[in-house]
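All remarks here apply to the structure that follows.
For reference, positions follow the sequence shown, starting with 1. Keep in mind that this is a model prediction, so the values were computed, not measured.
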Amino acid sequence: MKKSTIFLLSHNVNNTNKSIINCSSWLKRHKRLYVKMLLIAFFFFFYFGFKAKFPSYNLHNKIVAVILTLIPAIIIIKMTWTDIKRHHHKLMPKRLRKKSKLSSINYDKLDGHTFELFCADLLKQNGFKNVIVTKRTGDQGIDIIADKKGKKYGFQCKCYSKPVGNKAVQEAYAGAKYYDCRYAAVITNQGFTKSAIELSKKLGVILYDRNVIEVLRNTLK
């Protein structure tokens, strides 16, 4: 067999395989549509079939007809509703999709740096702009710098298993001065000691405890 003939045969086989693959992928993408069309066909088949076979409905025939027509109708409605929700999720802004992801995160299990990234996303979701996570070493006590309404904030993040004490408040206050921030804040997955709360009031440091995190996770601005 000539080389040209072999090439043509292999080329045709490749084209055929590509066509089969394309057809298969197209069917996979549209299989839900075909299922719904099939269910609609069943719906009309049962409805008009019973109407033609039993012109004068008695109670038994009516019950059977209702059941057989309701089943495909309910499945169609459910599938359509699922498709609408999926399509709506795709059309959602990225920040809304991120919100749904943030709400499912167990932040108590995060390490220090991952908790900082979680807090940064949380701040972005709630109206903060120019959110920057500082370098992991030598950050001068500030983990996140962000702007809101023209004012600069410096955040220190603490993922602890116990209430946060004075040291974090002091570091946030000093770090905010270093970065020329208008406000200093501490974010934690826990609460704050009584001493830390008193010191924050004296220094003007904002405290974000667990309750505030939960409010931020459920609020979109």
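Of the possible donor and acceptor atoms, one in the side chain of Thr188 sits under 3.5 Å from a partner among the backbone N and O of Lys158. At distances below 3.5 Å, at least one donor-acceptor pair connects side-chain atoms of Asn166 with backbone N or O atoms of Ala196. Formation of a donor-acceptor pair under 3.5 Å by the Arg210 side chain with backbone atoms of Asn189 is found in this model. Put simply, the side chain of Asp209 gets close to the backbone of Val212: a donor and an acceptor are under 3.5 Å apart. Side chain of Asn126 to backbone of Leu216: a donor-acceptor contact under 3.5 angstrom is found. Using modelled atom types, one side-chain atom of Gln156 and one backbone atom of Gly141 make a donor-acceptor pair closer than 3.5 Å.
The CG atom of Asp143 lies 9.5 Å from the CZ atom of Phe115; values are rounded to the nearest 0.5 Å. Ile206 CD1 to Tyr183 OH: the interatomic distance, rounded to the nearest 0.5 Å, is 7.0 Å. Remark: Gln140 CD to Lys135 NZ distance equals 7.5 Å, nearest 0.5 Å. Atoms SG and NE2, on Cys159 and His113 in that order, are 13.0 Å from each other to the nearest 0.5 Å. Residue Arg217 holds its CZ atom at 12.5 Å from CG of Asp121, rounded to the nearest 0.5 Å. Atom-to-atom distance recorded for Leu117:CG and Cys157:SG is 9.0 Å, nearest 0.5 angstrom.
Note on ring orientation: taking the six-membered ring where Trp is involved, the planes of Phe155 and Phe128 are perpendicular (angle over 60°, cut-offs 30° and 60°).
Within a 6.0 Å sphere centred on OH of Tyr160, other residues, nucleotides and ligands contribute 12 heavy atoms or fewer.
Clustering ILVMFWY residues whenever any of their side-chain heavy atoms sit less than 4.5 angstrom apart, transitively, puts Tyr173 in the very cluster that holds Val164.
No side-chain heavy atom of Tyr153 sits less than 4.5 Å from a side-chain heavy atom of Leu123. Inter-residue side-chain proximity for Phe118 and Ile213 is flagged as met; some heavy-atom pair is nearer than 4.5 Å.
The residues Glu198 and Lys201 are annotated as not salt-bridged, no charged nitrogen and carboxylate oxygen being separated by less than 4.0 angstrom.
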Using side-chain contact (heavy atoms from CB on, under 4.5 Å), reason through Cys119 and Ile144 one step at a time and then give a plain yes or no. CA-CA 8 Å; Cys119 292; Ile144 300 171; 3.7 Å; yes

